[in-house]
Amino acid sequence: MRGTSGLEGQQTTAKRVQFSSPFLPYLFLAPQLAIIFVFFYWPSVQAIQSSFYLEDPFGFGATFVGMSNYTDVLKSTEYLGIARFTAIFTALVTFFALSIGLLLAVKADGVIRGNATYKTLLIWVYAIAPPVAGLIGMMFFNQHIGPIVELARWFGWDLKVGLDYSDTAFAMIVVSVWKQIPYNFIFFLSGLQGIPVSVREAAALDCRSEFRRFWTVILPLLAPTAFFLLIINVTYALFDTFGVIDVMVKDKAANNPITLVYKVYMDGFRGSDLGGSSAQSVILMLVVLVLTVFQFRFIERRVHYS
């Protein structure tokens, strides 16, 4: 018994990470903490400070205006319309990117011959940068040579991307979803391949319906992966689609749809309204914070990790 207890104690001690100095762990964390401070915390503090001032775009002075920038933003019908479009855009991009990525992962998981080629063709799109994806999307939706425009004409739909609000919004959603599908596909496929074969065989014996097996057995096991991808896709739709939107609406008619993050860029860098754009960025940060807390407090309760 003593020998066994001693062995267990040695194993427990062996699992602990020992550092020669108590400051060494902080030294390892220092580069990452420095990056977070320089590129997140410091700009956030600067944005909060600037949101209470009316600043000269050339840096010659600033006037304290209190909450005036916030009230102007929240009372603006244009800003509220953009916020409404951003919510719809985020919901549609997240839903379709997750749904199509899961569908392709399920199909790829069942492919036996040529599965490496099939997976590679689906994954390579993720290597494309968002501005390049937007440029490719504009080629597909070009009025003269775009294949999607030609396909739409067969059904009597005259697509005018860059001129019509709804058509431009449709093109932005399609390109944004196309760009994000490979990322979701990679994680869903990894999650499917991690499900034990014994569980699949037991589910096949208990239920003949393939759809019911997937809904009651496979999908609950993918819940941790799906929850992770939900947060990533919402963040992607809110922020990482900036490059796609910038390429698709730049130098186009002024009535094109844009999202809140692009509105911050337009007012700050093109309109030189630093105080107003800072207030918008703070509001956007608060919205993302509330959305993240909601996801972790209510949605994660339905996720089982064991």
Side-chain angles (χ1 to χ4, degrees), residues 85-112 114-142 146-152 159 161 166-195 210-211 214-215 218-249 257 259 261-262 291 295 299 303:
F85 171 77
T86 302
I88 298 173
F89 175 82
T90 302
L92 291 177
V93 170
T94 301
F95 173 76
F96 284 110
L98 287 173
S99 301
I100 299 175
L102 177 59
L103 177 63
L104 294 176
V106 171
K107 296 301 180 182
D109 189 44
V111 173
I112 299 177
N115 58 352
T117 303
Y118 181 76
K119 296 172 186 177
T120 302
L121 291 175
L122 291 174
I123 292 174
W124 72 271
V125 181
Y126 185 67
I128 301 176
V132 179
L135 181 60
I136 296 175
M138 287 303 298
M139 294 174 61
F140 277 98
F141 285 96
N142 186 274
I148 297 181
V149 175
E150 293 294 334
L151 180 63
L159 273 172
V161 177
S166 299
D167 293 347
T168 307
F170 172 76
M172 287 167 49
I173 293 172
V174 170
V175 176
S176 299
V177 170
W178 169 70
K179 174 67 178 67
Q180 187 65 5
I181 286 175
Y183 185 88
N184 299 331
F185 168 77
I186 295 170
F187 280 90
F188 276 132
L189 183 60
S190 300
L192 287 170
Q193 292 179 346
I195 298 176
E210 185 176 353
F211 175 78
F214 174 80
W215 186 259
I218 304 300
L219 190 58
L221 294 175
L222 286 176
T225 303
F227 177 71
F228 165 77
L229 289 177
L230 175 64
I231 298 175
I232 295 298
N233 279 258
V234 170
T235 306
Y236 162 78
L238 285 173
F239 298 101
D240 292 347
T241 54
F242 176 88
V244 175
I245 298 172
D246 184 51
V247 172
M248 300 191 74
V249 304
T259 58
V261 67
Y262 198 78
L291 186 60
Q295 289 174 332
I299 300 179
V303 178

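Start at 1 with the first residue, then count along the sequence. Since this is a predicted model, take the numbers as computed values, not measurements.
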Practice prompt. State, with a plain yes or no, whether a side-chain heavy atom of Met172 is found less than 4.5 Å away from one of Ile245.
Written response: yes
Show which side-chain atoms of residues 230-237 pair as donor or acceptor with protein atoms under 3.5 Å away, not counting sequence neighbours.
residue : atom : partner : partner atom : Å
Asn233  : OD1  : Asn184  : ND2          : 3.0
Asn233  : ND2  : Asn184  : OD1          : 2.8
Asn233  : ND2  : Leu229  : O            : 2.6
Thr235  : OG1  : Ile231  : O            : 2.9
Tyr236  : OH   : Ser176  : O            : 2.7

Fill in: Where Ala171 and Met248 come nearest, the two heavy atoms and their spacing
CB-CE, 3.5 Å
Discussion item. Ignoring hydrogens, what is the shortest heavy-atom contact between Met139 and Pro147? Give both atom names and the distance.
Written reply: O-CD, 4.1 Å
Worksheet item: Quick one: side chain to side chain contact (heavy atoms under 4.5 Å, CB included) partners of Ile148, sequence neighbours excluded?
Response: Phe140, Phe141, Leu159
Discussion item. Run Lys179 and Thr241 through side chain to side chain contact (heavy atoms under 4.5 Å, CB included) and show every step you take.
Written reply: CA-CA 9 Å; Lys179 174 67 178 67; Thr241 54; over 6 Å; no
Worksheet item: Shortest non-hydrogen contact from Leu222 to Gly191?
Response: CD2-C, 3.5 Å
Side chains of residues 90-106: which donor-acceptor pairs under 3.5 Å do they make with residues two or more places apart or in other chains?
residue : atom : partner : partner atom : Å
Thr90   : OG1  : Thr86   : O            : 2.7
Thr94   : OG1  : Thr90   : O            : 2.7
Ser99   : OG   : Phe95   : O            : 2.7

